[in-house]
*Asks:* 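Take this structure, written in structure tokens, and hold onto it; I'll ask about it next.
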2 protein chains.
Amino acid sequence: MTERPLACSQHNHDHCIDDALSAARTLCAERGVRLTDLREQVLALIWDSHKPLGAYTLMEMLSEESTRRVAPPTVYRALDFLLEQGLIHRINRLNAFVGCPSPEHQHHSHFLLCNDCGVAVELESDKLDKDILSAARNAGFSVEAHSLEVTGLCARCQTGKV
Amino acid sequence: MTERPLACSQHNHDHCIDDALSAARTLCAERGVRLTDLREQVLALIWDSHKPLGAYTLMEMLSEESTRRVAPPTVYRALDFLLEQGLIHRINRLNAFVGCPSPEHQHHSHFLLCNDCGVAVELESDKLDKDILSAARNAGFSVEAHSLEVTGLCARCQTGKV
DNA sequence: CCAGAAAGGTTATATAGTAACATAACCACT
DNA sequence: AGTGGTTATGTTACTATATAACCTTTCTGG
Ligand SMILES: [Zn+2]
Ligand SMILES: [Zn+2]
Ligand SMILES: [Zn+2]
Ligand SMILES: [Zn+2]
């Protein structure tokens, strides 16, 4: 357990990890896919950090936790699985991964990224989804996926920084 | 002159490059910044490809054009300059760079990326900009920048692929 | 238990980006 | 023209991110 991210200091972080993990277990069981120890360990580390985490940072953490050396493909395969199941998202701008708070329905990746504390808040807005879709369709484009990455300051980091 | 991108086959490509380059020259002159030979060469290569171009691809192209070997920092510095001046955008999803058709006013990076032909169309919509801004503000976020990357099929690539 | 499939381990390599320092071109001023 | 500061580029080495190829282990259904 390391420092607590500012934007989350008031919530019960252990509880929030547990919730994410049990949701993931349920979901994987329903879908008939295997949330193995490794995959769950990766998911737990990502939720524990509560900020976007790079694959290599993750790899070091895994290596520390488990005596054996962990190589890149191991991490990337676990990440690929979690991405496929919608349990995490990838933040392209940061080459990093973050837990999804509502993995039960697949959705596009829209994030608010704080430049100060580094927190990544998932932006869930049906309206925005539709706006993006219609803007793309107006341009004659047939949409498969979209990702939005907004950078700036989170509510907490704005206060006292006029 | 290599293959012409499908999505652009009807336009006069040489003309389109020339326009972009002369706009860039004017803009840099106005701003009192130097569009050096190297920078212009990079910009020309990017417009010539008319698709997002990776830094290392660009580096090989430069090396071929100029007998001398071109190393990564040379390319990245030119790219940084062009990004600062808004003459190109970076597509995070592809680790690649593409020319901006309207560099005279700085704006956010919104793209439609065709999975089939690889074309990157810049999506310019004030409404969408405002929608994104208001969605972020509703979440208490103060916005500095945003980038939207939509993947799918461009109008041309949809036809005959039902 | 056994065969096939899925997951993970291992090694090597590909691709993308930066740090640090040296040199060259440009520009303003004498 | 000479001088010195500034900007741009060259050069070497390195860090960071991601994947290919192949092998071994573990799981699962019969
Ligand atoms: Zn999500
Ligand atoms: Zn913050
Ligand atoms: Zn643009
Ligand atoms: Zn296309």
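Numbers restart at 1 for each chain; the letters A, B, ... are given by sequence-line order, proteins then strands. In this text the structure is predicted, and so the values were computed from the model without any measurement.
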*Asks:* Check the pair B/Asp126 / B/Lys130 against salt bridge (charged side-chain N to carboxylate O under 4.0 Å, His left out), numbers first and verdict last.
*Replies:* CA-CA 6 Å; B/Asp126 289 343; B/Lys130 282 177 194 156; 5.9 Å; no

*Asks:* Using atom CG of B/Asp80 as one end and atom C1' of D/dT7 as the other, report the distance to the nearest whole Å.
*Replies:*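 About 15 Å, once rounded to whole Å.
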
*Asks:* Atom CG of A/Leu35 and atom C1' of C/dG8: how far apart are they, to the nearest Å?
*Replies:*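 Those two atoms, CG and C1', are 15 Å apart.
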
*Asks:* Which residue, B/Pro72 or A/Asn95, contacts DNA chain D at a nucleotide closer to its 5' end, judged by nearest heavy atom?
*Replies:*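 Counting from the 5' end, the first nearest nucleotide belongs to B/Pro72.
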
*Asks:* How about CZ on B/Arg25, more than 12 heavy atoms from neighbouring residues, nucleotides or ligands closer than 6.0 Å, or not?
*Replies:*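 Counting neighbours around CZ of B/Arg25, more than 12 heavy atoms of other residues, nucleotides or ligands fall under 6.0 Å, so yes.
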
*Asks:* Select base, sugar-phosphate, or nothing to describe what A/Thr74 touches, counting heavy atoms under 4.0 Å on all strands.
*Replies:*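 Base, at least one base atom sits under 4.0 Å.
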
*Asks:* Over 60° means perpendicular and under 30° means parallel, so tell me whether B/His13 and B/His50 are parallel, tilted or perpendicular.
*Replies:*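 It falls in the tilted class, 30° to 60°.
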
*Asks:* Looking at every strand, decide which applies to B/Arg77 at a 4.0 Å heavy-atom threshold: base, sugar-phosphate, or nothing.
*Replies:*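 Since a base atom lies under 4.0 Å of B/Arg77, the category is base.
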
*Asks:* Want to settle it: does B/Pro73 or A/Asp37 sit nearer the 5' end of DNA chain C, counting the closest nucleotide to each?
*Replies:*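 Counting from the 5' end, the first nearest nucleotide belongs to A/Asp37.
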
*Asks:* Over how many whole Å does the gap from B/Glu60 atom CD to C/dA16 atom C1' extend?
*Replies:*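 So the CD-C1' distance, B/Glu60 to C/dA16, works out to 13 Å.
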
*Asks:* Measure OH/A/Tyr76 against P/C/dT13 and give the value in whole Å, please.
*Replies:*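 Checked: the OH to P distance equals 19 Å.
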
*Asks:* Give a yes or no on whether the backbone of A/Arg93 and the side-chain of A/Glu149 come within a donor-acceptor separation of less than 3.5 Å.
*Replies:*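 Answer holds: yes.
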
*Asks:* So does A/Arg69 get a side-chain nitrogen or oxygen closer than 4.0 Å to the phosphate oxygens (OP1/OP2) of C/dT10?
*Replies:*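 Negative; the distance criterion is not met.
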
*Asks:* Can you say whether a donor on the side chain of A/Tyr56 sits under 3.5 Å from an acceptor on the base of D/dA18, or the other way round?
*Replies:*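 Side chain to base: pair found, below 3.5 Å.
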
*Asks:* Over how many whole Å does the gap from B/Arg39 atom CZ to C/dC26 atom C1' extend?
*Replies:*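 So the CZ-C1' distance, B/Arg39 to C/dC26, works out to 12 Å.
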
*Asks:* Please report the distance, rounded to the nearest Å, between CG in A/Leu94 and C1' in C/dA16.
*Replies:*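 These atoms are roughly 16 Å apart.
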
*Asks:* To the nearest angstrom, how far is A/Arg34 atom CZ from D/dT25 atom C1'?
*Replies:*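 Rounded to the whole Å, the gap is 11 Å.
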
*Asks:* Using a cut-off of strictly less than 4.0 Å, decide whether A/Thr36 has a side-chain nitrogen or oxygen near OP1 or OP2 of C/dG8.
*Replies:*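 Yes, A/Thr36 has a side-chain N/O under 4.0 Å of OP1/OP2 on C/dG8.
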
*Asks:* How many Å lie between CG on A/Leu58 and P on D/dA16, as a whole number?
*Replies:*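 Value for this atom pair: 16 Å.
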
*Asks:* Can you tell me if the side-chain N/O atoms of A/Arg68 get under 4.0 Å from OP1 or OP2 in C/dG9?
*Replies:*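 True: A/Arg68 side-chain N/O within range (under 4.0 Å) of C/dG9 OP1/OP2.
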
*Asks:* In terms of side-chain heavy atoms, does A/Arg68 have a donor or acceptor partner in A/Ser66 at a distance below 3.5 Å?
*Replies:*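 The answer is yes; a qualifying pair exists.
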
